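In what follows, a single structure is set out as structure tokens and then discussed.
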Number of protein chains: 2
Amino acid sequence: MTEERIKEAINTLKESGVRITPQRHAILEFLIVSMAHPTADDIYKALEGKFPNMSVATVYNNLRVFKKAGLVKELTYGDSSSRFDFASSDHYHVICSSCGKIVDFHYPGLDEVEALAEHVTGFSAQNHRMEVYGVCPDCREHGKILKS
Amino acid sequence: MTEERIKEAINTLKESGVRITPQRHAILEFLIVSMAHPTADDIYKALEGKFPNMSVATVYNNLRVFKKAGLVKELTYGDSSSRFDFASSDHYHVICSSCGKIVDFHYPGLDEVEALAEHVTGFSAQNHRMEVYGVCPDCREHGKILKS
DNA sequence: GTTATAAATTATAACTATTTTAATTTAAGA
DNA sequence: TCTTAAATTAAAATAGTTATAATTTATAAC
């Protein structure tokens, strides 16, 4: 399954004239298998073993290329760093306000919100984002103090 | 109406032991009357006339104080700068992906999303955010090229 | 009105995340 | 194998935000 996703993603890149370098392949694979929505620095550090000379600029450059190709979504949730998510399917996120963990959350699309937004504001709606904040079971269990 | 809001906000601040300086008052007033969801730099520049010696650090410090007091919400939408919104009532935002304009959008709360998120993920939901992206009437009219 | 004092402001240095740059390497087409 | 434009690399630069030390000031107390 992972292999198929990588192949599809690589085809998408090739079709838009992007070369497939080992670094590019490794970053993409990391994002596909990752459930943790990593930051650029997470990715950079995770690949240090396999690519000791990889530059953090390479990571950022590739994330921008993947984002532009529609393969990856950048999550900007007020953390100090952006996080990145392989765009496998439409879903939302649930974020723990204590430990920061992010989990995927499939919910029937809120398309009617876009429709009403168009009606009320005169905008042509294209897409929306939504995320739920709360406390994960682990943090609740360990009685961790909320950030806020 | 604006005067009342300022008074209420100032009372909130006084109750939490925060002093009311002219700078603090001016930043608060700017946010209450602003419909534009300004950045810290927008605020800093807008008040340059009245407060030529105001420091950008003062703006940031005060925004943090207002945020902590619950008077202001920080909008982190992937722009390179945070934007700030006086938290007058619960609402969502519609953002133009061409020119960046943000408008308020009142929609019945999506509380059932939080309920389902709790059910599906085991989190204790606290709150959520949602924003709709699209093209504003002005940009549609002038045929502006989309950012993406 | 004066005094005391801790909060706030100020100017600027520092920090962090991300982007840019110039030199070098390399993917992939011919 | 050769060519060349894309990509990587290392490090500088940028922009947004925070921290710092010196100074100012809001406000409580008198």
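Letters go in sequence order (proteins before strands), and every chain restarts at 1. Keep in mind that the numbers below use all heavy atoms, side chains included, and drop hydrogens, waters and symmetry copies. Bear in mind the structure is a predicted one, so any value in this text is a computation, not a measurement.
- Contacts between residues 34-54 of chain B and DNA chain D, defined by a heavy-atom separation below 4.0 Å, involve no residue at all.
- Of all heavy-atom pairs spanning A:Ala40 and A:Val59, the tightest one is O-CG1, 3.7 Å.
- When the side-chain nitrogen and oxygen atoms of A:Ser80 are compared with OP1 and OP2 of C:dT16, none of them lie within a distance under 4.0 Å.
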Which parts of nucleotides 20-30 of chain C does protein reach within less than 4.0 Å, heavy atoms only, written one letter per nucleotide 5' to 3' as B for base, S for sugar-phosphate only and - for none?
B------BS--
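- The salt bridge (charged side-chain N to carboxylate O under 4.0 Å, His left out) test applied to B:Lys14 returns no partner, not counting sequence neighbours.
- Residue pairs satisfying the salt bridge (Lys or Arg N to Asp or Glu O under 4.0 Å) criterion with at least one member in residues 47-58 of chain B, sequence neighbours excluded, are absent.
- Remark: A:Tyr60 is in phosphate contact with C:dT18, judged by side-chain N or O atoms under 4.0 Å from OP1 or OP2.
- Applying the salt bridge (Lys or Arg N to Asp or Glu O under 4.0 Å) definition to pairs two or more places apart or across chains, those involving residues 97-114 of chain B are B:Lys101-B:Asp138.
- Atom NZ in A:Lys68 sits roughly 12 Å away from atom P in D:dA6 (whole-Å rounding).
- Evaluation of the side-chain contact (heavy atoms from CB on, under 4.5 Å) rule for B:Ser80 yields no partner, not counting sequence neighbours.
- Heavy atoms of A:Thr58 sit under 4.0 angstrom from at least one base atom.
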Check step by step if side-chain contact (heavy atoms from CB on, under 4.5 Å) holds for B:Ser89 and B:His106.
CA-CA 9 Å; B:Ser89 65; B:His106 296 270; 3.4 Å; yes
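- Taking the salt bridge (charged side-chain N to carboxylate O under 4.0 Å, His left out) definition, one finds that B:Arg83 meets it with B:Asp42, B:Asp79, sequence neighbours left out.
- The stretch residues 26-58 of chain A participates, sequence neighbours left out, in these ring pair (Phe, Tyr, Trp, His ring centres under 6.0 Å) pairs: A:His37-A:His93.
- Where the helix from C:dG1-D:dC30 to C:dA30-D:dT1 starts and where it ends, the local axes point in directions that differ by 40°; five pairs per end, rounded to 10°.
- Residue B:Asn62 contributes atom CG, which lies 14 Å from atom C1' of D:dT25 at whole-angstrom precision.
- With sequence neighbours excluded, no residue satisfies salt bridge (charged side-chain N to carboxylate O under 4.0 Å, His left out) with B:Asp85.
- Protein atom NE2 of B:His25 is 16 Å distant from nucleotide atom C1' of D:dT27, rounded to whole Å.
- At whole-Å resolution of the value, CG in A:Leu63 and P in D:dA7 are 14 Å apart.
- The ring pair (Phe, Tyr, Trp, His ring centres under 6.0 Å) test applied to B:Tyr92 returns B:His128, not counting sequence neighbours.
- Listed by first and then second residue, the salt bridge (Lys or Arg N to Asp or Glu O under 4.0 Å) pairs involving residues 19-32 of chain B amount to none (not counting sequence neighbours).
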